[in-house]
Amino acid sequence: MWYRYWLHHINADRVAQVLSIPLFLLLWQWVSASGVVSSRLFPPPTEVISAFGRWYDSGQFWGDVQVSLTRVGIGFFFGSVIGILVGILTGRVRLAANLLSPIFGLLRPIPPIAFVPLVILWFGLSETGKYFLVFWGVFFVVWMSAHHGVRKVDPLYIRVAQCLGTPRSKMLTNILLPGAIPYIIVGLRTAVSISFYTLVAAEIAGTFSGIFYRIDVSQQNMQIGQAMAGLLVLGVISLIADRLFYYLSRRVDWSAS
Amino acid sequence: MKEKLQTKGHITADSVSIVFDSVGKRNVAVDDASVDIQPGEFVCILGPSGCGKSTLLNAIAGFVQPTQGELTLDGRTIKSPGPDRGMVFQQHSLLPWKTVLQNVAFGPLMNNTGQREADSVARTFLNLVGLGAFESHYPRQLSGGMQQRVGIARALANYPNVLLMDEPFGALDAQTRAIMQENLLNIWEEFKTTVVFVTHDIDEAVFLSDRVVVMSASPGTIIADIKIDLPRPRDALIVTSPEFLDLKRQCLDIIREETTKAFALQNAS
């Protein structure tokens, strides 16, 4: 038969991967339309798409995305820069590690969302409070990766540098920091996802725009389709950010083959 | 430059003992070792694994301090590592985030040489080890033998008075190792730096050196100092000559005697 040849060359893994999302959408559509669940509370994908269209046409969509990305961006930037600097400090200076590690150990497990009530008191409705929450989520994980990273640099590299006459003042930038890069990158990538989790906490209260704010408002107005569209947008943006970071980090991560 | 280098690189070890204290257990790595290495001399330290030969080398490099006795380089006590002693490590010592050229230029750069000058020095030494064409490769893209050649170029790029080599060819296959040994001798003939070369391979020690210093295990003591008066330049064929075999037998006899003694001691205890 003529199609035997094609059947033989079709990769079953690939087919399953390509069909995955369409099948999911079909199932969703079917469940929603079948009346098993209330289609008002659980609208089908078609309704979610048209809700997204209304959101987009209202002119609020790009504004929401921009506001949310700014919060994530600024919080992530300061959280990572300060996290790396403090991590290097505690990783290399024993006194700093002994002083700071217990404090960080105490503060780190507090979920950022638990800070929301206080943040509103401290910072009011200003953006600073939002940046602070994202910063809080990002800082600890980046600090830990830098702290362990500079400690785990192969001692052989330090010997090599000493042998070649590297002064102590140049050891940090030439050996410790590049040596810790693979660890720091893992921390930063985790922090990218965390910054989107904390964005949700930041937009729970005290704001008038943003992707999660839109989800929250839609829920109150029973616009479930738009709330679901908001969730998907959040998922897609977070995914793009993760992929983008991965792609960019490969340029500086010498341990990536 | 040749003249200058030949007068420098004089190493002396005067009753050097190195003791490590680990969890209440005293471990004597080097016991009362004395040796005098002349400028421009090629000396191999030969001994079984764990005999303290690498520890002695690390002490000359300045990574560990003698517990007793004194180590000097050109009359001055060795206190810390420095660019006057280039070191070639066993393996995987190239900085993986730097290219081949950056690895070799790193030493000069750290010693206040400008980038352009450092790169030019690095290219000179890369050409010397025959890897000029690989300057923009990363270490992981090179074979083990090529990595060690870069390691030698890197150590030489600081124009050290002493070259310290810690079993640099130990991880290479036999054919590559033989070629590397010949290359190393050619380079040494050109620069006449003092070389202290640690190995457990008798053929390698006899083939390369002016003198073989034999160490025995636990505690690490120097048990023989054998002059190798084979003519230079040497090539690979010399290993079949009666003189070579005779010297090799001398080393073997001493090592076998020591090993038997050590085994007898272990059985008795």
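So that the names make sense, note that chain A is the first sequence line, chain B the second, and so on, each numbered from 1. For clarity, every value in this text was computed on a predicted model and none was experimentally measured.
Residues from residues 105-128 of chain B that place a non-hydrogen atom less than 4.5 Å from a non-hydrogen atom of chain A comprise B/F106, B/G107, B/L109, B/M110, B/N111, B/N112, given in numerical order. At a heavy-atom cut-off of under 4.5 Å, chain B is reached by A/Y157, A/R159, A/V160, A/A161, A/Q162, A/C163, A/L164, A/G165, A/T166, A/P167, A/K170, A/N174, A/I175, A/P178, A/G179 from residues 157-187 of chain A, listed in order of number. For a heavy-atom cut-off of 4.5 Å, chain A lies close to B/P81, B/G82, B/P83, B/R85, B/M87, B/F89 in residues 78-89 of chain B. Residue-level contacts of residues 53-74 of chain B with chain A, in order of numbering, are B/N58, B/F63; threshold 4.5 Å between heavy atoms.
Environment of CD1 in A/I21: sparse, with no more than 12 heavy atoms of neighbouring residues, nucleotides or ligands closer than 6.0 Å. Atom OH of A/Y197 has 12 or fewer neighbouring heavy atoms from other residues, nucleotides or ligands inside a 6.0 Å radius. Summarising the local packing, CZ of A/F78 is surrounded by 12 or fewer heavy atoms from other residues, nucleotides or ligands at distances under 6.0 Å.
Only the backbone of B/L94 comes within contact range of chain A, with at least one heavy atom under 4.5 Å from a heavy atom of that chain.
Taken to the nearest 0.5 Å, the NZ atom of B/K98 stands 12.0 Å off from the CH2 atom of A/W254.
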